[in-house]
Amino acid sequence: DAESRVMEVLWQRAPQSSEDIVAALLEPTGWHEKTIRTLLNRLLRKGAVSAQKDGRRFLYSPVLEREAWQRQESRSLLDRVFGGRVAPLLTHFSQHETLSAKEAAELRKLLDAIEKKAR
């Protein structure tokens, strides 16, 4: 979630300096400046953001688009928490969360489409 917050700042406007990113996240998150810079460096090492030298500072931009980021993070969650399987994830949510009628209908529609595609 923390890395996603940094990515969100960059998706809204890029490129940005680390000072701009820190300023955007400091108050709403309550994080320390060092925490934000650590998250930014972690994203840089992962290849999710790029840094371009601009004088004495670096300007950061997202490398991944939001959809690619969501796909990557979703896969990571499935692998880490549910052994890479979707069924246990859905079972968990069905047992611990309340779905609205609309959400249940959307899931049924999705399952129907998956079954149709598998045939």
Side-chain angles (χ1 to χ4, degrees):
D1 181 51
E3 290 177 358
S4 295
R5 298 282 299 265
V6 175
M7 291 297 292
E8 190 63 44
V9 168
L10 288 170
W11 286 320
Q12 289 174 9
R13 186 176 59 93
Q16 290 191 60
S17 68
S18 60
E19 291 80 12
D20 294 334
I21 296 165
V22 166
L25 290 168
L26 209 54
E27 188 178 320
T29 63
W31 297 337
H32 292 282
E33 179 178 340
K34 186 174 180 177
T35 300
I36 298 167
R37 291 183 189 277
T38 298
L39 290 168
L40 188 56
N41 284 322
R42 189 185 310 166
L43 289 166
L44 191 60
R45 282 192 309 274
K46 286 183 173 182
V49 301
S50 65
Q52 192 167 348
K53 190 110 168 111
D54 180 47
R56 292 176 40 195
R57 64 184 185 161
F58 285 93
L59 296 178
Y60 297 88
S61 297
V63 171
L64 298 176
E65 293 182 15
R66 187 184 312 266
E67 186 176 317
W69 173 261
Q70 289 170 335
R71 191 172 41 250
Q72 180 179 312
E73 290 299 299
S74 297
R75 179 83 261 161
S76 176
L77 173 71
L78 274 178
D79 291 344
R80 278 191 338 268
V81 181
F82 297 101
R85 298 183 53 234
V86 175
L89 168 77
L90 294 175
T91 300
H92 170 79
F93 279 110
S94 72
Q95 293 172 348
H96 301 285
E97 301 294 328
T98 303
L99 294 177
S100 69
K102 182 181 178 186
E103 289 171 322
E106 288 174 4
L107 281 175
R108 277 191 206 89
K109 192 175 181 180
L110 178 61
L111 288 173
D112 288 344
I114 291 169
E115 286 177 353
K116 194 179 218 180
K117 187 178 176 181
R119 291 183 205 154

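Since this is a predicted model, take the numbers as computed values, not measurements. In what follows, every heavy atom counts, from backbone to side chain, and hydrogens, waters and symmetry copies are set aside.
- You'll find the side chain of Tyr60 stays beyond 4.5 Å of the side chain of Val9, heavy atoms only.
- Residue Met7 is not grouped with residue Val63 when hydrophobic side chains (ILVMFWY) are merged at heavy-atom distances under 4.5 angstrom, including chains of intermediate members.
- Side-chain contact of Thr38 with Asn41: a donor-acceptor pair under 3.5 Å is absent, judged by distance alone.
- Between Thr98 and Glu103 the shortest heavy-atom distance is O-OE1, 4.1 Å.
- Residues in residues 94-118 take part in these ring pair (Phe, Tyr, Trp, His ring centres under 6.0 Å) pairs, two or more places apart or across chains: His92-His96.
- Shortest non-hydrogen contact noted between Thr91 and Ser94 is O-OG, 2.8 Å.
- Across all non-hydrogen atoms, the minimal contact from Arg85 to Leu78 is O-CD2, 3.4 Å.
- No more than 12 heavy-atom neighbours from other residues, nucleotides or ligands sit within 6.0 angstrom of NZ on Lys109.
- Looking at every heavy atom in both residues, Leu44 comes nearest to Ala51 through CD1-N, 3.8 Å.
- The two residues Asp79 and Gly84 make their nearest non-hydrogen contact at OD1-CA, 3.4 Å.
- Here CZ of Arg56 is found 13.0 Å from OG of Ser17. Values are rounded to the nearest 0.5 Å.
- Between Leu39 and Arg42, the closest side-chain pair of non-hydrogen atoms falls below 4.5 Å.
- Put simply, Leu26 and Leu40 are part of the same group of oily side chains (I, L, V, M, F, W, Y) that touch within less than 4.5 Å, one to the next.
- Smallest separation of non-hydrogen atoms from Ser18 and Arg37: OG-NH1, 2.6 Å.
- Rounding to the nearest 0.5 angstrom, the gap separating the CD atom in Glu33 from the OG1 atom in Thr35 is 10.0 Å.
- Taken together through direct or relayed side-chain contacts under 4.5 Å among Ile, Leu, Val, Met, Phe, Trp and Tyr, Trp69 and Leu77 form parts of separate hydrophobic clusters.
- Between atom CD1 of residue Ile114 and atom CG of residue Leu107 there is a gap of 9.0 Å, rounded to the nearest 0.5 Å.
- In the displayed structure, Arg66 atom CZ is contacted under 6.0 Å by more than 12 heavy atoms of other residues, nucleotides or ligands.
- Here Arg5 pairs with nothing under the salt bridge (charged side-chain N to carboxylate O under 4.0 Å, His left out) rule; sequence neighbours left out.
- In this structure, NZ in Lys46 is found 3.5 Å from CD in Glu3, a value given to the nearest 0.5 Å.
- At a threshold of 4.0 Å, the pair Glu19-Arg57 does not count as salt-bridged, since none of the basic side-chain nitrogens sits closer than that to a carboxylate oxygen.
- Atoms CG and CD, from Leu90 and Gln95 in turn, are 11.0 Å apart once rounded to the nearest 0.5 Å.
- Within the model, atoms CG of Leu99 and CD of Glu97 stand 8.0 Å from one another, a figure rounded to the nearest 0.5 Å.
- Trp11 and Leu43 fall within a single hydrophobic cluster, where Ile, Leu, Val, Met, Phe, Trp and Tyr side chains are chained together by heavy-atom contacts under 4.5 Å.
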